[in-house]
Amino acid sequence: MSKSKATLSITERLLLDFIKYKTNNNHKFFMGNDKIAMALGLTVNSAKVMINSLIREGYLIKSTDNHGRRMLELSDKPYLTIACVDLSNVDKRIILQEALNFQRDAEYYQKQYEFEKARADRLLAELTQLKLSRIG
């Protein structure tokens, strides 16, 4: 059973509007399910299910480019847009989330570095102690 224009969820319509926004001026839409999920505040699985549903229903066309990347584009099937949403804020949300992720990763790697440095210092001290005990 095919969905009518009125039965698309707000999130489905938002995704279609977001793809239209990102592909303005003939840009290609390569965004993966993880980035789409982040942009729309979904889980990756929910984004995947929604995209596959929109492909089956004929709202989206899926293809791949010469490098094997998935591309999504809007079909000509009509739907009710969500005109009141500033989609540039979605881009800002993605950038902010990525910045937070990089910051969290940097903090994690800093702690790992400190741990490994302390371990290396401890091993060096043990080696020095062993050398001194052999001499004495």
Side-chain angles (χ1 to χ4, degrees):
M1 184 166 118
S2 193
K3 295 179 182 182
S4 69
K5 288 195 302 187
T7 61
L8 286 176
S9 72
I10 290 174
T11 309
E12 288 171 323
R13 292 166 43 208
L14 180 60
L15 173 60
L16 294 173
D17 283 349
F18 183 62
I19 292 172
K20 182 189 289 183
Y21 167 76
K22 293 298 283 183
T23 58
N24 193 16
N25 298 323
N26 292 328
H27 289 93
K28 303 294 182 193
F29 189 83
F30 296 106
M31 193 176 284
N33 294 344
D34 57 335
K35 300 285 188 199
I36 292 169
M38 186 188 309
L40 301 181
L42 304 169
T43 65
V44 175
N45 194 51
S46 295
K48 178 181 176 181
V49 168
M50 184 172 61
I51 290 164
N52 287 336
S53 173
L54 290 169
I55 291 168
R56 271 192 314 277
E57 296 294 331
Y59 291 98
L60 289 176
I61 300 167
K62 176 180 157 182
S63 60
T64 54
D65 71 355
N66 296 340
H67 304 287
R69 296 178 296 182
R70 177 191 75 180
M71 294 188 314
L72 295 173
E73 62 182 296
L74 297 176
S75 70
D76 291 331
K77 190 169 184 175
Y79 70 96
L80 297 174
T81 65
I82 304 175
C84 61
V85 176
D86 181 4
L87 293 170
S88 66
N89 287 333
V90 175
D91 278 341
K92 292 173 190 170
R93 184 181 331 153
I94 292 170
I95 292 168
L96 176 61
Q97 185 61 50
E98 286 186 339
L100 292 172
N101 289 345
F102 286 131
Q103 181 63 36
R104 188 178 59 239
D105 289 350
E107 290 167 4
Y108 169 80
Y109 289 120
Q110 179 65 35
K111 288 177 185 174
Q112 284 298 110
Y113 168 77
E114 290 167 4
F115 173 76
E116 294 298 331
K117 178 147 180 20
R119 184 170 178 244
D121 291 345
R122 197 170 48 253
L123 289 172
L124 183 60
E126 288 175 16
L127 181 62
T128 302
Q129 193 65 22
L130 283 173
K131 286 180 180 179
L132 288 177
S133 67
R134 287 186 185 167
I135 295 173

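Just so it is clear, the model here is predicted, and its values are computed rather than measured. Index from 1, following the sequence.
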Could you measure the distance from the [atom1] atom of [X] to the [atom2] atom of [Y]? Nearest 0.5 Å is fine.
{"X": "Asn52", "Y": "Lys48", "atom1": "CG", "atom2": "NZ", "answer": "6.5 Å"}
{"X": "Tyr109", "Y": "Phe102", "atom1": "OH", "atom2": "CZ", "answer": "11.0 Å"}
{"X": "Asn24", "Y": "Lys22", "atom1": "CG", "atom2": "NZ", "answer": "11.0 Å"}

Non-hydrogen side-chain atoms of [X] and [Y] separated by less than 4.5 Å:
{"X": "Met50", "Y": "Leu42", "answer": "yes"}
{"X": "Ile55", "Y": "Ile61", "answer": "no"}
{"X": "Asp34", "Y": "Met38", "answer": "no"}

Is there a donor-acceptor pair closer than 3.5 Å between any side-chain N or O of [X] and the backbone N or O of [Y]?
{"X": "Thr23", "Y": "Lys28", "value": "no"}
{"X": "Glu12", "Y": "Ser9", "value": "yes"}
{"X": "Thr43", "Y": "Ser46", "value": "yes"}
{"X": "Arg70", "Y": "Met31", "value": "yes"}

- Task: Dump the intermediate steps for side chain to side chain contact (heavy atoms under 4.5 Å, CB included) on Thr7 and Tyr79, then the final yes or no.
- Result: CA-CA 9 Å; Thr7 61; Tyr79 70 96; over 6 Å; no

- Message: A quick test of your reading: do over 12 heavy atoms of other residues, nucleotides or ligands sit less than 6.0 Å from CG of Asp76?
- Response: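 It does not: Asp76 CG has 12 such atoms or fewer within range.
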
- Would one find more than 12 heavy atoms of other residues, nucleotides or ligands at under 6.0 Å from atom CD of Glu126?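 Counting other residues, nucleotides and ligands, CD of Glu126 exceeds 12 neighbours.
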
- Message: Would Lys77 and Tyr59 count as a cation-pi pair here, with the cationic atom under 6.0 angstrom from the ring centre and within 45° of the axis?
- Response: yes

- Message: Taking the basic N atoms (NZ, or NE/NH1/NH2) and the acidic carboxylate oxygens, is any pair closer than 4.0 Å for Asp17 and Arg13?
- Response: no

- Might you point out which heavy atoms bring Phe30 and Asp65 nearest each other, and give the distance in Å?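 The pair with the smallest heavy-atom distance is CE2-OD2, 3.4 Å.
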
- Query: Would Glu116 and Gln112 count as having a side-chain donor-acceptor pair, cut-off 3.5 Å?
  - Reply: no

- Task: Apply the side-chain contact (heavy atoms from CB on, under 4.5 Å) test between Leu14 and each candidate in Thr81, Leu40, Leu8; give the one that qualifies.
- Result: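 Between Leu14 and the candidates, side-chain contact (heavy atoms from CB on, under 4.5 Å) is satisfied uniquely by Leu40.
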
- With hydrophobic residues grouped by side-chain heavy-atom distances under 4.5 Å, do Ile82 and Phe18 end up in a single group?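 Yes; tracing contacts between hydrophobic side chains, which count when under 4.5 Å, links both residues.
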
- Task: Please check if Ile10 and Leu16 belong to a single hydrophobic cluster, counting links between Ile, Leu, Val, Met, Phe, Trp and Tyr side chain heavy atoms closer than 4.5 Å.
- Result: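 Result: yes, single cluster for both.
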
